[in-house]
Novice: 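I'd like to ask you about the structure that follows.
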Amino acid sequence: MEINEKLLKPYNAKDTEDRIYKLWEESGFFNPDVCVEKGIIDKDAKPFTIIMPPTNANGSLHAGHGLVMTIEDIIIRYKRMRGYKTLWLPGLDHAGFETQIVYEKKLEKEGRSRFGMDKRELYQEILDFTLNNSKNIKDQIKKIGASCDWTREKFTLDPDIVQTVYKTFKKLYTDDLVYRGERIVSWCSKHQTSFSDLEILDEERIDNFYYLKYGPFIIATSRPETKFGDKYIVMHPDDTRYSTYTHGQTIDLEWINGPITATVIKDELVDMKFGTGVMTITPWHDATDFEIAEKHKLDKEQIIDEMGKLLPIAGEFAGIHINKARPLIIEKLKNKNLVEKIEENYKHTVRTCYKCNTIIEPQIKNQWFVKMKPLAEKVLEKINNEEITYIPEHYKKITINWLNDIKDWNISRQIVWGISIPAKICKNCAHGMADVDNTITTCSKCGSEVKQDNDTFDTWFSSGQWPFASLGYPDNIDFKNFYPTSVMETAGEIIFFWVSRMIMLGLYITDKLPFKTVYLHGLVLDAKGLKMSKSKGNVIDPLVLTEKYGTDAFRMGMVVGNTPGTSLSLSEDKIRAYRNFANKVWNITRFVLDNTKDIKHDDNFTNYSQLEKEKLIPEIDNLIREITKEMDEYKFYLVAEKIYHYVWDRFADVIIEESKVIFEGTNEQEKESRKQFLLGTLAKIIKILHPFTPFVTEEIWSMLGNNKKLLMVEKWPFDKTQGKPNDN
RNA sequence: GAGCGACUAGCUCAUUUGGUAGAGCGACUCUUUGACGUAGAGUAGGUGACAGGUUCGAUUCCUGUGUCGCUCACCA
């Protein structure tokens, strides 16, 4: 046949990709049901499912997404070609707090503020804003070539998802695994919400360390502004320096705003070696102090309000922000001769908001907490039973450590953008009751009037349910077919935030692990190995690269040499090298088609020469067998490189060069053998490359003739003599 | 303080049941009507962090040391 004239020019990704994606999309083959209907895939075929980590509906594609989409698409395309009923379910995330921050900035620009706005109005505004922007990210996902089933696309705020989340909340409540309680929470005074422990950063700071005279004691503190209400003096029971004092003893002393009565408390939590070995406590604003106060049933008093300002207990300092108050308080203490000494350059860690770096002010709040220990124990059992595979393996240890020492999870957020918590709070005793059906009118404890809980769930509480929620647990037929899912592929960074919680909640609700394998990739760094950030100006936009070098080149660059769990330095040079590779494949096709115009490939051809029969065919078939095994082991970085080398170093540089000599010769049998080999092998190459470089291979496939089906649903090439590779 | 990981060619990284180390990029030399110059043929470059141990043999397994990174942690 005549060769396609497109082949006479270098491969043009720009003119190819959108057209090919449209072909795929219109074929319907992203949807496993269509594949079965059209007889592409056997109706009894095993299912293979990946739930895409829901992307921020309001965001745009960054390099990390590029990696997610590439790896998952490689897995999915491979499995589809292997004949699985393959589902890749795409999702969008409302990304609660993240999106609210973005929207708040927008409001700020417009001279508005979320505080004081009607909650429903604000929610509606953010919803419109998010949905308007969501097309953007979807188009970008398509640009990467993602063969996900858009007919099953889910959004984390879809009504059925919300219902699932409500059901889970109710079950947790009924099973006594969620409770509302006064606990110390991490509070950001700028964002006016609490956080879970995972959302807090530790930051090293250098401050003054103040030694203050507290009656007969010297106490050390870096935060004098919290000390107004301190009326307990705590020491270790074994500390001989303070053995003359007894637990419960009271001492009258002069403090910041006048005389007070302090009570001695003895507790092992005090570190004898630290400071002076004696401390006062501020239970409302410190976790350890809270613990001590709880243990001994001590009074707790709020000193700092939600905005970071001092309350009336601070007397003359009331209403002043803590940052401004500190030097003033020290001044006063000095005047009262209550400062023993000030140590400068005191290095300590403070906890800050991961978003705005504001110092976190612990506060006692009445919020919803999930009891994590019972959930974690069940998961630990499964992990120890090897029922879940971690790639790379060391994430298993990390997970086990975390689960062994897990803390209760605060799921209440004081923001509007999210799923509201279906619960009633007693106006009198603050008792919380799950109320999914909105029927509760009086407190089950004291019978008083109740009010609606105004908080929303932590985004991760709902996304932690994503595998079963997105598949429609438990009624949707998809849930039965595609759950548990096969692989969860996501960033190692969110192993605790997301992966571990999905496992816990999935197991709790469905009694099954939500996935069999966890595949975690590392960060995508810039060419110098630095984390990308807007402030550094080193952010690489994947779409700029795909535009410049083609999506296939970008995908190869993301995957070659990128072992799971390891960060990847993304350099433009590397992408360019794979652009050249795509072109190489293109030109190989041109050579092969140009030199085989007079024949048709015959799959059953047997009259091969010795070289083809004994060396060349076994060589490519061995390669296919090897890489098939490695694909099943998720070693894409190896497979991509192996195919690359076969194509370039063997097929192009040796076999094609040899062929030129053969074609100039006179041995007709040898020529025919070689032509059949070239055509047959080219087809195999195109197939095994397809998961990695789907666009250029699909385009070439359409030129190979006699191919009615799209390459994306062709069968993965097996060596017939070797039988099927390991099936898993 | 604890856990985890890394340490291999100038740079980025591979190398799994242990058998004399590989690739890409970069560098240098040569090739220019050849399927492809988005190319081809070559060259240089590594006592595999260090020290011990197991072994016929260790980059690979074990122990220790160092450096770097990440994560976790209530040090007032």
Side-chain angles (χ1 to χ4, degrees), chain A residues 3 7-11 184 197-198 200-202 209-212 219-224 226-227 230 234-235 269-282 285-292 346 348-349 351 362 392-402 404-407 492-493 495-496 522-523 525-529 531 549-550 553 556-557 560-563 565-595 633 635 637-638 640-642 644-645 648-649 651-653 656-657 659-660 678:
Chain A
I3 76 163
L7 280 171
L8 301 177
K9 292 184 199 151
Y11 171 61
I184 197 126
D197 298 335
L198 291 177
I200 304 303
L201 298 178
D202 284 347
F209 200 43
Y210 306 95
Y211 288 80
L212 307 177
I219 58 161
T221 182
S222 58
R223 302 201 55 196
T226 63
K227 297 285 162 203
D230 288 12
V234 191
M235 59 211 71
L269 276 172
V270 175
D271 181 354
M272 285 190 273
K273 293 188 204 83
F274 187 86
T276 55
V278 60
M279 66 179 191
T280 61
I281 58 167
T282 313
H285 301 291
D286 183 280
T288 307
D289 296 0
F290 177 82
E291 201 180 327
I292 292 170
Y346 171 66
H348 66 144
T349 51
R351 317 186 84 201
E393 214 182 333
H394 73 260
Y395 274 105
K396 186 163 133 179
K397 285 191 215 164
I398 293 175
T399 302
I400 289 173
N401 278 340
W402 188 71
N404 273 330
D405 193 29
I406 200 161
K407 309 259 175 357
E493 253 186 327
I495 175 104
F496 304 140
L523 294 169
L525 309 172
D526 75 356
K528 288 179 194 145
K531 203 168 176 173
Y549 300 109
M556 281 294 277
V560 173
N562 186 11
T563 40
T566 313
S567 323
L568 167 79
S569 292
L570 182 62
S571 75
E572 204 165 321
D573 281 342
K574 194 173 171 191
I575 310 289
R576 195 190 315 120
Y578 292 110
R579 186 268 318 262
N580 297 356
F581 175 66
N583 192 52
K584 189 79 182 175
V585 175
W586 189 252
N587 279 303
I588 283 170
T589 306
R590 177 174 161 191
F591 176 87
V592 171
L593 293 184
D594 211 19
N595 286 281
E633 291 165 352
K635 293 179 179 168
Y637 55 101
L638 269 184
E641 207 175 338
K642 279 187 182 177
Y644 176 90
H645 285 117
W648 207 306
D649 301 342
F651 196 74
D653 290 350
I656 284 185
E657 290 306 319
S659 303
K660 291 177 188 171
L678 288 179

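Values below: every heavy atom of this structure, side chains too, minus hydrogens, waters and symmetry copies. Throughout, a chain's letter reflects where its sequence line sits, starting with A, and its residues are numbered from 1. Since we're looking at a predicted model, the values are computed, not measured.
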Novice: When all nucleic acid strands are considered with a 4.0 Å heavy-atom cut-off, which category describes A/N401: base, sugar-phosphate, or nothing?
Specialist: sugar-phosphate
Novice: Using the C1' atoms only, state how far B/G10 lies from B/C28, rounded to an integer number of Å.
Specialist: 13 Å
Novice: For A/T563 and A/H394, find the nucleotide of RNA chain B closest to each by heavy atoms; which residue's nucleotide sits nearer the 5' end?
Specialist: A/H394
Novice: It should be established whether A/N587 places a side-chain nitrogen or oxygen under 4.0 Å from OP1 or OP2 of nucleotide B/U38.
Specialist: no
Novice: Using a heavy-atom cut-off of 4.0 Å across all strands, would you classify A/E657 as base, sugar-phosphate, or nothing?
Specialist: base
Novice: Without swapping roles, check the side chain of A/T566 against the backbone of A/N562 for a donor-acceptor pair under 3.5 Å.
Specialist: no
Novice: Decide yes or no, distance alone: a donor-acceptor N/O pair under 3.5 angstrom between the base of B/C36 and the side-chain of A/K584.
Specialist: yes
Novice: With a cut-off of less than 4.0 Å, is there a side-chain N or O of A/K273 near OP1 or OP2 of B/C75?
Specialist: no
Novice: Is the A/Y578 ring parallel, tilted or perpendicular to the A/Y644 ring (thresholds 30°, 60°)?
Specialist: perpendicular
Novice: Hey, does the side chain of A/H645 come within less than 4.0 Å of B/A23's phosphate (OP1/OP2), counting only N and O?
Specialist: no
Novice: Contact class for A/Y637 (heavy atom, under 4.0 Å): base, sugar-phosphate, or nothing?
Specialist: sugar-phosphate
Novice: Take the angle between the ring planes of A/F274 and A/Y346 and call it parallel below 30°, perpendicular above 60°, tilted in between.
Specialist: perpendicular
Novice: Taking the same atom, C1', in B/C25 and in B/A9, what whole-Å distance lies between them?
Specialist: 12 Å
Novice: Between B/G57 and B/C75, how far apart are the P atoms? Round to whole Å, please.
Specialist: 50 Å
Novice: Determine the Euclidean distance between corresponding C1' atoms of B/A49 and B/G66; express it in Å to zero decimal places.
Specialist: 8 Å
Novice: Please report the C-alpha distance between A/Y210 and A/I219 in whole Å, then the side-chain angles of each, then the deciding distance to 0.1 Å, and finally whether the side chain to side chain contact (heavy atoms under 4.5 Å, CB included) criterion is met.
Specialist: CA-CA 8 Å; A/Y210 306 95; A/I219 58 161; over 6 Å; no
Novice: Mind checking the P distance from B/A44 to B/C7? Whole angstroms is fine.
Specialist: 27 Å
Novice: Under 4.0 angstrom, heavy atoms only, what part of the nucleic acid is A/R590 near: base, sugar-phosphate, or nothing?
Specialist: sugar-phosphate
Novice: For B/U59 and B/G52, measure between their P atoms and round to the nearest Å.
Specialist: 13 Å
Novice: Quick one: A/F651 CZ to B/A39 C1', roughly how many Å, whole number?
Specialist: 17 Å
Novice: For every nucleotide of nucleotides 67-73 of chain B, 5' to 3': is a protein heavy atom under 4.0 Å from its base (B), only from its sugar-phosphate (S), or from neither (-)?
Specialist: ----S-B
Novice: Both A/G277 and A/D653 contact RNA chain B. Taking the nearest nucleotide for each, which residue is further toward the 5' end?
Specialist: A/D653
Novice: What's A/V270 touching, base or sugar-phosphate or nothing? Going by heavy atoms closer than 4.0 Å.
Specialist: base
Novice: Would you measure the distance from the P atom in B/G64 across to the matching atom in B/G5 and give it in whole Å?
Specialist: 14 Å
Novice: Base, sugar-phosphate or nothing for A/A582? Non-hydrogen atoms, less than 4.0 Å.
Specialist: nothing
Novice: Classify A/L568 by what it touches in the nucleic acid, base, sugar-phosphate, or nothing, heavy-atom distance under 4.0 Å.
Specialist: nothing
Novice: Does the side chain of A/T566 get closer than 4.0 angstrom to OP1 or OP2 of B/A14 through an N or O atom?
Specialist: yes
Novice: Would you please confirm or rule out a distance under 4.0 Å between OP1 or OP2 of B/A76 and any side-chain N or O of A/Y346?
Specialist: yes
Novice: Is there a side-chain polar atom (N or O) of A/K9 under 4.0 Å from OP1 or OP2 of B/C36?
Specialist: no
Novice: Between B/U32 and B/C36, how far apart are the P atoms? Round to whole Å, please.
Specialist: 16 Å
Novice: Dot-bracket, RNA chain B: Watson-Crick or G-U, under 3.5 angstrom, [ ] crossing, | other strand?
Specialist: (((((((..((((.....[..)))).(((((.......))))).....(((((..]....))))))))))))....
